[in-house]
Amino acid sequence: MLRTHEAGTLRPEHVGTTVTLTGWVARRRDHGGVAFIDLRDATGIVQVVARDEVLTGTAHDLRSEYCVRVIGEVTAREDKDVNPDLPTGAVDVGATQIEVLSAAEALPFQIDERVTVGEEARLRHRYLDLRRPGANAVGQNLRLRSKVNAAARNLLAERDFVEIETPTLTRSTPEGARDFLVPARLQPGSWYALPQSPQLFKQLLMVAGMERYYQIARCYRDEDFRADRQPEFTQLDVEMSFVEQDDVIELGESIAKAVWATIGVELPTPFPRMTYADAMARYGTDKPDLRFDLELVECTDYFAETPFRVFQAEYVGAVVMPGGTGQPRRQFDAWQEWAKQRGARGLAYVTVAEDGTLGGPVAKNLSEAERDGLAAHVGAAPGDCVFFAAGATRASRGLLGAARLEIAQRVGLIDESAWSFLWVVDAPLFEPASDAVASGDVAVGGGAWTAVHHAFTSPQEEFLDSLESDPGSALAYAYDLVCNGNEIGGGSIRIHRRDIQERVFAVMGLSEQEAQEKFGFLLEAFKFGAPPHGGIAFGWDRIVALLAGTESIRDVIAFPKSGGGFDPLTEAPAPITPQQRKEAGVDAKPEPTAPAPQGADEVNPRQS
RNA sequence: GGCCCUGUAGCUCAGUUGGUUAGAGCGCCCGGUUGUCAGCCGGGAGGUCGCCGGUUCGAGUCCGGUCAGGGUCGCCA
């Protein structure tokens, strides 16, 4: 070792010890005859006192972020010189020798944690960003992430789970997003896909009798990137055989418990459960934030006889903004803009004055009876205002659900220190493909119905008889884990019976032949004694971000990409040479007459 | 793909109604300083105002386009 001690660990008990330290020059205060050097390593900072005679040779002009090795004796500081802000503040290291291990040019930004630096600069020189000290620094987030990984691995190892790696060069998996593609040099014209998740492989591992599998798996999806999305991201992926929904949920709770324990939070289990239908009706979303109580109020029946045209709709709902009546007019206008940004026509509102009379543009359109009972029906107090959405059920609830969050933020209803966990269960198995098409999605099959989760999700037993006659009512053994309004995990019990799988494909309009083309290898495997199985996958980046107390998953990824999938550090993606292009077979023309290799003519309509 | 915001020194930002030589703090460079701890003092360097075009006697400032970044909706489990 090049050192005997670590800088941040020195204490008065070390006084008199001769130590050798290594680290970086965090700061230098030169007084002519004596200089004070803050020496930083991963454990913290200690002050090195260097007299003139030590600062010779290259050590003479020590500058910021020089990497150095210091030999010296730990000395106690006089009382007046103690720095209470530093864990090592009661001691100095009196240097007898300073060796420059590596010089540093002037840095593109300061390492000092108190200096704010834009994200682009930090990403371009991520290695310097990671060097920055401080509890909220990215480097600390990575250390936390490592502990979180270990906590999960420990728990899963205790329960005899097997950590298994699956291929990253593979076929497309049926997750529904666009695949990243890799040309196959040895088969020009054929391409690998990077996995969107290890879904099919982990099911194969169940057929293989591994019984309990997990993996901290990198996943790839070629979609437009958002604040919270990276083209490559990480899941804790788990699959188990011979289990029912409750078993997977119990495991999920144990994992959450173990993981949150790394930040000293003890989660009470079991977590509450809510049905998907309930979540949509009461919160307008499948991932409700329950850190505050506010709920949507169903008003369709209340306005059944309404004279107000806008409220003569399939669905009318409301959400109350406590104290909202006091908002200035332009704020109400801003709410309209906010709603329009979300694709709504607007956001109707009614104010409730202190004397109980209703105001706002909508009030006069309502019948007298409707006005009289409205505040009581929606639970609005004097001074509150009520926002309404009317129209298609799903879209209206979505708007109100978003308004609910916006209200909570503006009014300050959210307890930022709270951890609210819940399971959302009983998700529908299918959604109408028209919904999917309307929302820009493309059905996996050509039928009227498409899978909500994925095509291998098991229907609950009581809906087996009505799968074909009433697909829209069928519920699945599918469950999402929600934390503070974030979906941090989700999974399902899978179909292991061939007959049910075929019926589900049929409802989705997927022919035998198409199914064979897409998932033939899985269906083949299922012929040979597939065990009942199910699993769950956790959004690892988001979970670590929650634990680290940061908004952005970029802050918990060592080398994240910025918008457009660009890596400011390596400047990937980059052009390739003509030679690479030739070898990769990118430009290979498919033989029109040759029989298409398995799956080769699958063109995802979304790609065109 | 739609909408909104931003782009000025290495970093973080200011820049008035369109008007002389574009500023500040930090950092950097040089010199000084024997008890500092975001040291202090003196001096200095550093700018294609993202890019292209337009309006104007005159553009960092106004207009059009474009690129990049951020946010948001669409998309995405």
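Quick note on labels: first sequence line is chain A, next is B, and so on, each numbered from 1. Hydrogens, waters and symmetry mates are skipped; everything else that's a heavy atom, side chains included, is used. Quick caveat: nothing in here was measured; it's all calculated off a predicted structure.
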Considering only NZ, NE, NH1 and NH2 on the basic side and carboxylate oxygens on the acidic side, decide whether [X] and [Y] come within less than 4.0 Å.
X	Y	result
A:D289	A:R404	no
A:E105	A:R63	no
A:R131	A:E65	yes
A:D237	A:K202	yes

Quiz item: Could you write nucleotides 36-44 of chain B as a row of B, S and -, 5' to 3', where a protein heavy atom under 4.0 Å of any base atom gives B, of only sugar-phosphate atoms gives S, and otherwise -?
Solution: BBSB-----
Exercise. Identify all stems in which RNA chain B takes part, counting only runs of at least 3 consecutive pairs (Watson-Crick or G-U wobble, each distance under 3.5 Å), and give each as one range with another, ordered by first number.
Key: B:1-7 with B:67-73, B:10-13 with B:23-26, B:28-33 with B:39-44, B:50-54 with B:62-66
Under 3.5 Å, side-chain donor or acceptor atoms of residues 79-90 of chain A against the rest of the protein: list the pairs with distances, not counting sequence neighbours.
{"from": "A:N83", "atom 1": "OD1", "to": "A:D85", "atom 2": "N", "distance (Å)": "2.9"}
{"from": "A:T88", "atom 1": "OG1", "to": "A:I45", "atom 2": "O", "distance (Å)": "2.6"}

Exercise. Name the nucleic acid region contacted by A:G118, choosing base, sugar-phosphate or nothing; use a 4.0 angstrom heavy-atom cut-off, strictly under.
Key: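 Counting heavy atoms under 4.0 Å across all strands, the contact made by A:G118 is with sugar-phosphate only.
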If we take the [atom1] atom in both [N] and [M], what is their distance in whole Å?
N	M	atom1	answer
B:C11	B:U36	C1'	25 Å
B:G18	B:G60	C1'	11 Å
B:C41	B:G27	P	12 Å
B:G65	B:A22	C1'	26 Å
B:U21	B:C40	C1'	32 Å
B:U8	B:G15	P	13 Å
B:C3	B:U20	P	36 Å
B:U55	B:G43	P	46 Å

Exercise. Kindly state each residue pair satisfying side chain to side chain donor-acceptor pair (under 3.5 Å) with at least one member in residues 111-127 of chain A, sequence neighbours excluded.
Key: A:R27-A:D112, A:D112-A:R114, A:E119-A:R554, A:R122-A:D129, A:H125-A:Y127, A:R126-A:D129
Exercise. For residues 561-572 of chain A, pull every pair meeting side chain to side chain donor-acceptor pair (under 3.5 Å), keeping only residues two or more places apart or in separate chains.
Key: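 Counting only pairs at least two positions apart or across chains, the side chain to side chain donor-acceptor pair (under 3.5 Å) contacts touching residues 561-572 of chain A are A:E232-A:K561, A:D567-A:T570.
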Quiz item: OP1, OP2 of B:U12 versus side-chain N and O of A:T116: anything below 4.0 Å?
Solution: no
Quiz item: So does A:R342 get a side-chain nitrogen or oxygen closer than 4.0 Å to the phosphate oxygens (OP1/OP2) of B:C73?
Solution: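 Affirmative; the distance criterion is met.
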I need the [atom1]-[atom2] distance between [X] and [N], as an integer number of Å.
X	N	atom1	atom2	result
A:E120	B:U8	CD	P	10 Å
A:R124	B:A68	CZ	C1'	11 Å
A:F566	B:C67	CZ	P	15 Å
A:D567	B:A68	CG	P	16 Å
A:R122	B:G10	CZ	C1'	16 Å
A:I553	B:G71	CD1	P	11 Å
A:E78	B:U34	CD	P	18 Å
A:R554	B:G69	CZ	P	10 Å

Self-check item: A:R132 charged N/C atom sitting above A:W24 aromatic ring, 6.0 Å / 45°
Solution: no
Quiz item: Would you say the side-chain atoms of A:E73 pair up with the backbone N or O of A:G94, donor to acceptor, closer than 3.5 Å?
Solution: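 No; judged by distance alone, with no hydrogens or angles, the pair does not exist.
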Quiz item: So which one's nearest nucleotide on RNA chain B is more toward 5', A:E487 or A:S552?
Solution: A:S552
Distances under 3.5 Å only, N/O to N/O: pair up the protein atoms with those of nucleotides 23-25 of chain B.
none

Practice problem: Check side-chain hydrogen bond (donor to acceptor under 3.5 Å, both in side chains) between A:T43 and all other residues, then give those that pass, not counting sequence neighbours. | Solution: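 Checked A:T43 against side-chain hydrogen bond (donor to acceptor under 3.5 Å, both in side chains); matches are A:D41.
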Practice problem: Sequence neighbours left out, what passes side-chain hydrogen bond (donor to acceptor under 3.5 Å, both in side chains) with A:Q110? Give chain and number order. | Solution: none
For [X], give me all partners under salt bridge (Lys or Arg N to Asp or Glu O under 4.0 Å), at least two apart in sequence or on another chain.
X	answer
A:E53	none
A:E551	none
A:R229	none

Quiz item: Are A:D179 and A:Q196 close enough that a side-chain donor and a side-chain acceptor fall under 3.5 Å?
Solution: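 A:Q196 and A:D179 do have a side-chain donor-acceptor pair below 3.5 Å.
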Quiz item: Could one point to a donor on the side chain of A:R221 or the base of B:C76 with an acceptor on the other under 3.5 Å away?
Solution: no
Can you check nucleotides 28-30 of chain B for protein contacts, nitrogen or oxygen pairs under 3.5 Å, and list what you find?
{"from": "B:C29", "atom 1": "OP1", "to": "A:R63", "atom 2": "NE", "distance (Å)": "2.7"}

